[in-house]
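Below is one structure, written out as C-alpha cells, with a few remarks after it.
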There are 2 protein chains.
Amino acid sequence: MNELTVKQQRVLAFIQRHIQGHGRPPTRAEIAQGLGFSSLNAAETHLRALARKGAIELTPGGARGIRLLAEASPEGGPAATAAGLPLIGRVAAGSPVLAEQNVEAHFEVDSALFRPAADYLLRVSGMSMRDAGILDGDLLVVHRTPEARNGQIVVARLGDEVTVKRFERSDRRVRLLPANPDFSPIEIRLDHDPLVIEGIAVGVIRNGRL
Amino acid sequence: MNELTVKQQRVLAFIQRHIQGHGRPPTRAEIAQGLGFSSLNAAETHLRALARKGAIELTPGGARGIRLLAEASPEGGPAATAAGLPLIGRVAAGSPVLAEQNVEAHFEVDSALFRPAADYLLRVSGMSMRDAGILDGDLLVVHRTPEARNGQIVVARLGDEVTVKRFERSDRRVRLLPANPDFSPIEIRLDHDPLVIEGIAVGVIRNGRL
DNA sequence: CTGAATACTGAATATATTTACACGCATGAA
DNA sequence: TTCATGCGTGTAAATATATTCAGTATTCAG
C-alpha cells in the first residue's frame, strides 16, 4: 500500500523537515510556498493522497493537523517515552481522576517496586490515614481498579469528593474506615449512595517535610 | 533564569505531553481546556511567562507556534537514570553502607521527586520512627552526606550498627531521637563514641502491606 | 479512445487561533 | 498602604488555516 509518487515523497520529506526545523507541522500554505505551488489546493490534494496511502494522518479542522505515521522518527516513540506515572493533585469536581487538568506532573517510578502495577500517584491531603503511615502531602501509589477487597486501602469517590480510606464491605453496605481515631468512618448504602472505587493503594511515596 | 512556578511547570509538561501524543504543539484553547482554565488568556499568560524564562519559544501570529527549548523531552528517562538507586538491605558489620554486598536491588526512581538528590534506598527495620510515618519495611530515600542539621532524620552509624533517627546536636553531644515513645533516645559524646552520619532522609517509599 | 489518478491554478468561505483589552483576587515586598 | 507579580475570567477582533468548488493538463492502464 506504500507506493508514493515522486512528488508525494517530496511533500512528505518537506513535512518531515518542517517538523524537524520548526517543531510543528506545516500549514497548507507553507507546503505550497515551500514546494513552489501557487495554489493551496495543490498541497491539500497531496495531503489527501498521503493520508489515503497511510503515510500521514490528518486531523480535520485543526490547524497543522498533519501527523507522520510510518517509521520516520528514531525508535521508541510514544511507548518508550512512557512519561512515567501521572501525579494527581486535587481532583476537580466532576472530572475523571486521570483527566489532564488534574495531572500535576509525571514521575519515573520503577513499576517493579509495586504489585499490582502502579498506575498513578495521588497527593493525599489530610491526616485521616495517619496511623497507617500515610500523612498529609504523601503521594499514594495507586493501582487503577474498580474492585477492592476488605482491608485494602482504596481511593474512593463519593459524588465530587475523592477520599482515601480502608475498605470494608458487608453485604449491601460499605464502610470506609479512617486510620486515625480523630476521624469517623463513612457508611455507604450501595442502593442509595453513589460510590466509585478509583483504585487501590499499592504504595506510598513521601518526599518532603521529614 | 530558570525558575518556573509550579503552574508554569505544569503548563510546560502539558505542552510536552501534547507534542508527544499529537505530534504538534497545542493551541491556547487546548491548553486551557486540558488544564481546566476557562479563559484562553490564562494559557496565553503562562506561555508568555514560559517564553520570557526561556523554556519555550513563541512564533507570533502562527497557529501552534510553541517550541520547546530547554532539554527535557527527548529520551533521557531510562538511559539517564541508568542503574537507578541501589536498595540497601542489612548492612553487614564493618562494611561501607554502599558496599556491593549490601545492595539488594536497583530501582528506577525519578530523582526530580526528591531534594536534595536521592542517592540510595535503605530498608528500615523496626518501628522506632513510627510517629514520623516511617514503618517497618519502608524504604528510606537517602541523600548521602556527612552533614546534618538539627531536626533532620539521619542514617547514622554507631560502630557496626546502622540506625535511622532524628538528629539533634548540642555542642559536643549528639542525640538521636526516635519518633515513638516506646523507644529511648541515644546519647553520643563525640569525644568518646564513634558516630558517622551516612546520609539524611529525603523521602520514604512503602510498597507492601498497606 | 476513455475513465481514473496525479498535478496543478485560483477564488471563496467557514473555522481555528492568536492576541489585545478590561477586570478580579491573592501574596509578598517596599 | 501601595506596587508588582502570578493567576485567572471574559469578550472581542484580526488573521491564520482548513476546506470546498470550479477548472485545466498530463499520464497510464484497460
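Please read these numbers as outputs of a predicted model, since none were measured by experiment. The chains referred to below are lettered A, B, ... by the order of the sequence lines, with proteins before strands, and numbering in each begins at 1.
Shown here is E187(B), whose CD atom has more than 12 heavy atoms of other residues, nucleotides or ligands within 6.0 Å.
dG30(D): Watson-Crick or G-U partner is dC1(C), with both key distances under 3.5 Å.
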Please tabulate, one pair per line, each protein N/O and nucleotide N/O from nucleotides 15-17 of chain D that are separated by under 3.5 Å, including the distance.
unit_1, atom_1, unit_2, atom_2, d
dT17(D), OP1, R64(A), NH2, 2.5
dT17(D), OP1, A63(B), N, 2.8

Every protein N/O lying under 3.5 Å from an N/O of nucleotides 10-13 of chain D:
unit_1, atom_1, unit_2, atom_2, d
dG10(D), OP2, S38(B), OG, 3.3
dG10(D), N7, S39(B), OG, 2.7

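Contacts classified as salt bridge (charged side-chain N to carboxylate O under 4.0 Å, His left out) and involving residues 120-145 of chain B (residues at least two apart or in different chains) are given here: E104(B)-R123(B), D138(B)-R206(B).
Spacing between atom CD of E44(A) and atom P of dT19(D) amounts to 6 Å, rounded to whole angstrom units. A straight line from CG of L4(B) to C1' of dG6(D) spans 13 Å, rounded to a whole angstrom. Protein atom CD1 of I31(B) is 13 Å distant from nucleotide atom P of dG8(D), rounded to whole Å. Distance L58(A) CG to dT19(D) P: 7 Å, rounded to the nearest Å. Straight-line distance from the CG atom of L47(B) to the P atom of dC7(D): 13 Å, rounded to whole Å. I66(A) places its CD1 atom 10 Å from the P atom of dT19(D), with the value rounded to the nearest Å.
The phosphate of dT6(C) has neither OP1 nor OP2 within less than 4.0 Å of any side-chain N or O from H46(A). Close to dA5(C), at under 4.0 Å from its OP1 or OP2, lies no side-chain N or O of K7(A).
Ring orientation note: the planes of F14(A) and H18(A) are tilted relative to one another, at an angle of 30° to 60°.
Between T59(A) and R24(B) there is a side-chain heavy-atom pair separated by less than 4.5 Å. With a 4.5 Å cut-off on side-chain heavy atoms, K7(A) and L35(A) do not count as touching. Residues T5(B) and K53(B) form a side-chain contact, since some pair of their non-hydrogen atoms from C-beta on lies under 4.5 Å apart. Using a 4.5 Å heavy-atom threshold, the side chains of I88(A) and V162(A) count as separate.
Nearest-nucleotide positions on DNA chain D for R48(A) and T5(B) put T5(B) closer to the 5' end.
Counting only distance, with no hydrogens or angles, the side chain of R169(B) and the backbone of A148(B) share no donor-acceptor pair below 3.5 Å. A donor-acceptor pair under 3.5 Å is formed between the side chain of Q9(A) and the backbone N or O of L4(A).
If you check every strand for non-hydrogen atoms under 4.0 Å, R10(A) touches nothing.
Taking the side chain of F37(A) as heavy atoms from C-beta on, and the options dT9(C), dT9(D), dT6(C), the nearest nucleotide is dT9(C).
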